[in-house]
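Indexing begins at 1, ligand by ligand and atom by atom, following the structure's order. Along the sequence shown, the residues carry numbers beginning at 1.
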Amino acid sequence: MLMDDVKEILISQEDITKRCKELGKQISSDYKDTIPVIIGLLKGSVPFMAELIKYIDIDCKLEFMDVTSYSGTESTGDVKIVKDLDSSINGLDVLIVEDIVDTGKTLKKVKELLYSKGARSVKVCSLLDKPDRRIIDIQAEYVGFVIPNEFVIGFGLDFNQKYRNLPFVGVLKEECYR
Ligand code: IMP
Ligand code: MG
């Protein structure tokens, strides 16, 4: 069972839903005069994006992008595009949906890339924020939960592609890193 590898549940499914309702309401209000393109960064953002958009009640478009920077638990800092956008974002307001802002390297690269594609504005909505680990001075405009410096899994977050399907955010047992 996947659950056997979980040391502790950090954020419950109920807490995530409650926070998504609040964020969705805020985003709907902030973007009421435009049609934002909501870009999910694959694959970690999928459960969060699915939950969040239920509570966004304005017109919006959905897109997905896949970039990689991680191997195991460490960011390599070298961000590669694995899957690019399907349509133009020139002149549009973009909201990136991400699972976690850690060092900030991924988001910096992705924001630069989206501006270079002509986006009018680029903001970030991240389920989690781990400020203790930040290397690049970057901040998500919308944050679900600020967490301590621990490696977390679940609700989209993985360790070597595993645990994404857990319905909560938890801390992985140390013995599972090996
Ligand atoms: P950054 O470029 O260091 O900010 O890394 C962002 C990416 O690293 C996220 O999209 C996650 O995929 C991954 N990541 C960072 N911290 C964790 C964690 O605690 N658990 C799982 N993945 C993480
Ligand atoms: Mg990831």
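Considering only heavy atoms from C-beta on, Tyr115 stays 4.5 Å or farther from Val94 through its side chain. A heavy-atom distance below 4.5 Å is not found between the side chains of Ile147 and Val169. You'll find the side chain of Ile58 reaches within 4.5 Å of the side chain of Ile56, heavy atoms only. A 4.5 Å side-chain heavy-atom check between Lys162 and Asp5 finds at least one atom pair inside the cut-off.
Those atoms of ligand 1 with a heavy atom of Lys105 less than 4.0 angstrom away are 2 (O), 4 (O). Interface atoms of ligand 1 facing Glu150, defined by a heavy-atom separation under 4.0 Å, are 19 (O). Listed by atom number, the atoms of ligand 1 under 4.0 Å from Asp158 heavy atoms are 21 (C), 22 (N). Shown in contact with Ile100 at under 4.0 Å from a heavy atom are these atoms of ligand 1, numbered in order with element: 6 (C), 9 (C), 10 (O), 11 (C), 14 (N), 15 (C), 16 (N), 17 (C), 23 (C). The Thr103 neighbourhood of ligand 1 comprises atoms 1 (P), 2 (O), 3 (O), 4 (O), with distances under 4.0 Å to a heavy atom of that residue. The distance from ligand 1 to the heavy atoms of Thr106 drops below 4.0 Å at these ligand atoms: 1 (P), 2 (O), 5 (O), 6 (C).
By the 4.0 Å heavy-atom criterion, Gly44 is excluded from the residues contacting ligand 1. For Lys130, the closest heavy-atom approach to ligand 1 falls below 4.0 Å. In this structure, Asp99 counts as a contact residue of ligand 1, since one of its heavy atoms falls inside 4.0 Å of the ligand.
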Applying side-chain contact (heavy atoms from CB on, under 4.5 Å) to Ile11 and Arg19, what does each step give before you reach the verdict?
CA-CA 11 Å; Ile11 308 162; Arg19 190 72 186 113; over 6 Å; no
Working for side-chain contact (heavy atoms from CB on, under 4.5 Å), residues Arg164 and Val46
CA-CA 9 Å; Arg164 292 193 197 275; Val46 169; over 6 Å; no
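When non-hydrogen atoms are compared, ligand 1 lies under 4.0 Å from the side chain of Leu157 (C-beta onward) but not from its backbone.
Hydrophobic cluster membership is shared by Tyr142 and Leu128, with clusters built from Ile, Leu, Val, Met, Phe, Trp and Tyr side chains linked at under 4.5 angstrom.
No side-chain donor-acceptor contact under 3.5 Å links Lys43 to the backbone of Gly156.
Note: an N/O pair closer than 3.5 Å links Gly104 and ligand 1 by distance alone.
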